[in-house]
Amino acid sequence: MKAPVSFTIVGSLIGLLGICVVFAAVGQRRDAGEGGAGRVATVAHGLPVSHPVHQGMEEFGRELTKLSDGRFKVRIYPSEQLGTETEYLEKLQQGSIDIAKVSAAPVGNFVPLFKIFSLPYLFRDHVHYWKVLDGPVGRDLLDALGQTSRGAPSGLVGLGYYDAGSRSFYSTRLITSPADLAGMKIRVQQDPVAEATVRAMGASAVTMSFGELYTSLQQGGVDGAENNPPSFHSSRHFEVCRHYVLDEHSSIPDVLIAGARFWESLTEEEKGWVREAAIRSSHFQRKLWAAETERSLAELAAAGVSITAADKSKFRKASQSVTEQYATGAPSEMVRRIEATR
Ligand code: GCU
């Protein structure tokens with residue numbers, strides 16, 4: 001049946017209004033804030049507000065407002081409210097969000113050099129991880145974010161790293177060695193290296209966003225996943241997955257990224273504030289990390305989750321072929337520099 005013309009017109013107007021509201025809510029803009037013209041930056045991340053990443057983003061906002069003397073504010077959209085991490089990267093390029101915190105894992109689909117962060121057992125330990133990220137290699141990789149592998153602008157500007165610890169398997173069945181992964185379906189991020197790692201260890205890899213995972217675990221779409229303790233705990237995936245094996249197969253940092261469109265709209269002074277606020281929030285967030293990891297593990301244990309220390313050498317051996325496959329060409333030079341970092 002055809003809708004009466006007036007309904008169609010009213011419907012279209014409502015639709016148009018909706019689109020305007022969305023653009024007004026998430027687009028970069030200068031606002032008439034308290035005390036005159038101010039700027040509100042839209043910041044997105046996919047984790048719950050109880051996660052240390054959210055606290056880091058709040059610190060970023062506080063610092064930016066302080067540095068800019070109140071002229072700059074941020075509005076944070078957590079928990080995948082504005083889409084998945086891959087979508088954030090697209091939205092940064094399009095200019096519909098200003099800044100996002102994503103895992104380095106999906107970034108590799110936009111800037112291939114970033115794939116090295118997903119390589120199994122890339123870092124010797126947590127001290128080595130921060131030595132690399134804070135040093136020339138970390139800086140060069142942030143700079144590399146500006147270009148695709150063909151040298152074209154990527155539409156992304158790297159601001160800094162957040163701690164994301166190490167990723168370990170959690171599942172509905174006990175895993176103590178790679179042999180236990182046979183026949184299991186394990187969720188991974190949108191990241192070919194993570195897929196290859198899980199396959200090399202004997203499981204099937206299923207990609208989906210973090211936000212879709214709880215339901216998939218609950219409905220048996222996947223048997224497990226892998227992540228750091230704060231993410232496993234704050235997502236409440238432990239309500240379904242009662243086993244956590246600390247094999248720490250990868251340590252993929254989180255990255256704070258601005259969209260080039262947003263960036264180009266800033267004055268040099270404003271860019272300086274944003275960069276400085278990112279650095280300060282990174283130092284704040286990494287300080288929280290160790291305590292939050294300990295607290296998450298204690299709360300997981302108190303909730304009855306079995307937490308097993310793994311014989312990492314077995315997991316390392318099973319995933320060795322992935323490093324051989326991906327650390328070739330330009331990435332191999334980066335991997336060499338990472339290994340040489342002391
Ligand atoms: C980590 C990371 C997130 C990412 C998540 C995932 O928690 O910090 O940015 O979304 O892993 O597995 O999807």
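For ligands, and for the atoms within them, numbers begin at 1 and follow the listed sequence.
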>> Can you confirm whether the side chains of Trp289 and Asn228 place a donor and an acceptor under 3.5 Å from each other?
In response: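 The answer is no; no qualifying pair exists.
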
> Atoms of ligand 1 less than 4.0 Å from Ser231 heavy atoms?
Replying inline: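 Answer, ordered by atom number: 1 (C), 7 (O).
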
>> Looking only at protein heavy atoms, which one is nearest to atom 5 (C) of ligand 1, and what is the separation?
In response: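 Answer, as residue, atom name and distance: Asn227 ND2, 3.6 Å.
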
> At under 4.0 Å between heavy atoms, which part of Leu47 makes contact with ligand 1: side chain, backbone, both or neither?
Replying inline: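 It is the side chain that gets close, since no backbone atom is under 4.0 Å.
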
> Heavy atom under 4.0 Å from ligand 1: found in Glu80's side chain, backbone, both, or neither?
Replying inline: neither

> side chain to side chain donor-acceptor pair (under 3.5 Å) between Ser171 and Asp223: does it pass, once the steps are laid out?
Replying inline: CA-CA 6 Å; Ser171 52; Asp223 308 300; over 6 Å; no

>> If you take the nearest heavy atom of each of Arg187, Met208, Gln190, which one is closest to atom 12 (O) of ligand 1?
In response: Arg187

> Counting heavy atoms only, which of Arg167, Glu85, Gln189, Lys101 comes nearest to atom 11 (O) of ligand 1?
Replying inline: Arg167

For residues 195-207, run the donor-acceptor check on the side chains, cut-off 3.5 Å, and write out each pair with its distance to 0.1 Å, sequence neighbours left out.
residue: Thr197; atom: OG1; partner: Val193; partner atom: O; Å: 2.8

> Which residues satisfy the salt bridge (Lys or Arg N to Asp or Glu O under 4.0 Å) test with Glu80, sequence neighbours excluded?
Replying inline: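 Salt bridge (Lys or Arg N to Asp or Glu O under 4.0 Å) check on Glu80 returns nothing, list empty.
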
> Looking at ligand 1, does Asp254 have a heavy atom less than 4.0 Å from it?
Replying inline: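 Heavy atoms of Asp254 do come under 4.0 Å of ligand 1.
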
> If only atom types and distance count, is the side chain of Thr65 paired as donor or acceptor with the main-chain N or O of Gly70 below 3.5 Å?
Replying inline: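 It does not hold such a pair.
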
> Looking at Phe232, Phe210, Tyr244, which one forms a ring pair (Phe, Tyr, Trp, His ring centres under 6.0 Å) with His237?
Replying inline: Phe210

